[in-house]
Amino acid sequence: MHIIFFGPPGAGKGTQAKLLSSYLGIPHLSTGEVLRSKLNEKDELSNKLKHVMTSGNLVSDEILNKIVSITLLTDNCKKGFILDGYPRTIVQSEYLNSFMDKQDMIVNKIINIDLDDKNIENRITLRSRTENRTDDSLEVIRTRIIKYNNETKPIAQFYKSKYPLIFFELNGDQKIGKIHSDIINIVKKC
């Protein structure tokens with residue numbers, strides 16, 4: 001099973017992807033974890049990635065696409081995978097669609113966890129206090145929300161219009177267990 005999660009920062013998509021990964025026994029691939037895993041390898045691509053990340057720059061679509069495609073072809077992903085945080089841009093979306101077509105893979109479910117901006121701010125602010133995270137200031141949160149709304153949300157809407165039968169929207173302002181239960185019901189409708 002191949003599943004894509006969308007949702008703004010703080011909507012709970014990472015939490016839900018991990019729960020679903022455990023339930024289905026397939027890997028949850030968050031962009032951050034995929035990149036950190038690649039950093040541990042010793043090859044030309046990992047060296048490029050290290051250079052980009054240590055210089056403080058964002059990882060280009062070209063490098064990220066290549067790393068994701070290599071990851072999706074590993075034995076670990078043969079039974080399926082859950083993508084969280086990818087694709088985020090039009091270039092990534094086009095690449096993923098083309099890559100999956102070439103590999104005779106299909107996306108089975110696309111799950112969009114929606115949450116309004118005020119709830120996002122409240123949730124991430126609370127998370128930053130409880131986890132003692134300094135990277136979640138209100139200014140940073142608002143910048144991430146704007147970036148999501150401008151870049152990633154249109155990608156989710158593209159998938160919604162292109163694949164309406166496999167695209168599911170959930171209200172992220174519910175208890176974790178309720179959202180998880182809704183996702184399990186969606187997945188069972190294969």
Side-chain angles (χ1 to χ4, degrees), residues 1-21 23-35 58-74 76-117 119-120 143-174 178-190:
M1 179 160 294
H2 306 110
I3 300 168
I4 299 174
F5 269 86
F6 283 107
K13 63 188 176 300
T15 298
Q16 293 300 329
K18 284 179 189 166
L19 290 170
L20 185 60
S21 168
Y23 177 80
L24 294 175
I26 59 175
H28 162 222
L29 305 171
S30 76
T31 305
E33 289 174 14
V34 168
L35 292 176
L58 292 175
V59 177
S60 70
D61 285 338
E62 179 186 353
I63 292 173
L64 184 56
N65 288 341
K66 188 164 185 122
I67 291 170
V68 168
S69 63
I70 290 168
T71 303
L72 297 182
L73 292 175
T74 62
N76 193 33
C77 293
K78 280 197 176 178
K79 292 181 182 175
F81 50 80
I82 300 167
L83 290 174
D84 161 20
Y86 182 91
R88 281 191 179 157
T89 66
I90 290 172
V91 171
Q92 292 173 9
S93 168
E94 290 171 346
Y95 179 85
L96 180 64
N97 291 343
S98 173
F99 172 80
M100 290 185 74
D101 283 347
K102 287 176 188 168
Q103 299 302 320
D104 288 326
M105 294 178 182
I106 59 165
V107 175
N108 301 99
K109 305 287 180 191
I110 302 166
I111 299 169
N112 185 52
I113 301 175
D114 200 23
L115 193 63
D116 67 66
D117 293 356
N119 277 328
I120 294 168
T143 300
R144 289 171 59 201
I145 291 169
I146 290 168
K147 192 169 179 65
Y148 171 81
N149 287 333
N150 291 338
E151 292 180 14
T152 309
K153 192 172 186 174
I155 303 304
Q157 295 309 308
F158 162 78
Y159 277 100
K160 180 180 180 177
S161 65
K162 185 167 179 159
Y163 305 107
L165 298 177
I166 62 167
F167 190 96
F168 299 88
E169 290 190 85
L170 298 173
N171 176 2
D173 192 21
Q174 302 178 81
K178 168 69 168 113
I179 297 170
H180 179 63
S181 174
D182 290 347
I183 291 171
I184 296 304
N185 288 333
I186 289 167
V187 169
K188 286 181 177 179
K189 294 179 187 174
C190 277

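Everything numeric in this text was worked out from a predicted model, so none of it was measured. Scope of the values below: all heavy atoms of this structure, side chains included, with no hydrogens, waters or symmetry mates.
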Name the one of I3, I4, I166 that satisfies side-chain contact (heavy atoms from CB on, under 4.5 Å) with I111?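 Option passing the side-chain contact (heavy atoms from CB on, under 4.5 Å) with I111: I3.
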
Contacts of type salt bridge (Lys or Arg N to Asp or Glu O under 4.0 Å), residue K79, not counting sequence neighbours: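 By the salt bridge (Lys or Arg N to Asp or Glu O under 4.0 Å) rule, K79 matches no residue at all.
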
Of all residues at least two apart in sequence or in a different chain, which pass the salt bridge (Lys or Arg N to Asp or Glu O under 4.0 Å) check with D182?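 D182 satisfies salt bridge (Lys or Arg N to Asp or Glu O under 4.0 Å) with K178 once adjacent residues are dropped.
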
Contacts of N76 that satisfy side chain to side chain donor-acceptor pair (under 3.5 Å) - sequence neighbours left out: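 N76: no side chain to side chain donor-acceptor pair (under 3.5 Å) contacts found.
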
Least distance between heavy atoms, [X] atom then [Y] atom:
X: L96; Y: P87; answer: CD2-CD, 3.8 Å
X: N171; Y: D173; answer: OD1-N, 2.8 Å
X: P9; Y: R144; answer: CB-NH2, 3.3 Å
X: I179; Y: L170; answer: CG2-CD1, 4.2 Å
X: S21; Y: I82; answer: N-CD1, 3.5 Å
X: K13; Y: I113; answer: CA-CD1, 3.8 Å

In chain order, what residues pass the side-chain contact (heavy atoms from CB on, under 4.5 Å) check against [X], with sequence neighbours excluded?
X: I146; result: N150
X: T152; result: F6, R88, Y148
X: S181; result: N185
X: D114; result: N112

Report the distance from atom CD1 of I155 to atom NZ of K160, rounding to the nearest 0.5 Å.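 The NZ atom of K160 is 15.0 Å from CD1 of I155, to the nearest 0.5 Å.
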
OG1-NZ distance between T89 and K147, expressed to the nearest 0.5 angstrom: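 If I round to the nearest 0.5 Å, the distance is 9.5 Å.
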
The criterion is ring pair (Phe, Tyr, Trp, His ring centres under 6.0 Å); which residues satisfy it with H2, sequence neighbours excluded?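 H2 satisfies ring pair (Phe, Tyr, Trp, His ring centres under 6.0 Å) with F81 only.
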
Ring pair (Phe, Tyr, Trp, His ring centres under 6.0 Å) involving F5 - partner list, sequence neighbours excluded: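 F5 satisfies ring pair (Phe, Tyr, Trp, His ring centres under 6.0 Å) with no residue once adjacent residues are dropped.
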
Quick check: do [X] and [Y] have side-chain heavy atoms less than 4.5 Å from each other?
X: L20; Y: I184; value: yes
X: L35; Y: L64; value: yes
X: P8; Y: D116; value: no
X: I183; Y: L19; value: no

Can you list every side chain to side chain donor-acceptor pair (under 3.5 Å) pair that touches residues 62-71, not counting sequence neighbours?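 Every pair satisfying side chain to side chain donor-acceptor pair (under 3.5 Å) with a residue in residues 62-71: N65-Y86, S69-Y95.
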
Can you pull the side chain to side chain donor-acceptor pair (under 3.5 Å) pairs that have at least one residue in residues 23-34, sequence neighbours excluded?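 Residue pairs with at least one partner in residues 23-34: H28-D84.
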
Apply the test side chain to side chain contact (heavy atoms under 4.5 Å, CB included) to residues V107 and L83: give CA-CA distance (whole Å), side-chain angles for both, the deciding distance (0.1 Å), then the verdict. CA-CA 10 Å; V107 175; L83 290 174; over 6 Å; no

Around atom CD1 of I90, are there more than 12 heavy atoms of other residues, nucleotides or ligands at under 6.0 Å?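 Count not over threshold, so no.
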
Worked check of side chain to side chain contact (heavy atoms under 4.5 Å, CB included) between I110 and Y163: CA-CA 8 Å; I110 302 166; Y163 305 107; 4.0 Å; yes

Would you list the atom pairs, donor with acceptor, under 3.5 Å between side chains in residues 97-104 and any protein atom, with sequence neighbours excluded?
unit_1: N97; atom_1: OD1; unit_2: Y159; atom_2: OH; d: 3.1
unit_1: N97; atom_1: ND2; unit_2: S93; atom_2: O; d: 3.4

Applying side chain to side chain contact (heavy atoms under 4.5 Å, CB included) to I26 and C77, what does each step give before you reach the verdict? CA-CA 7 Å; I26 59 175; C77 293; over 6 Å; no

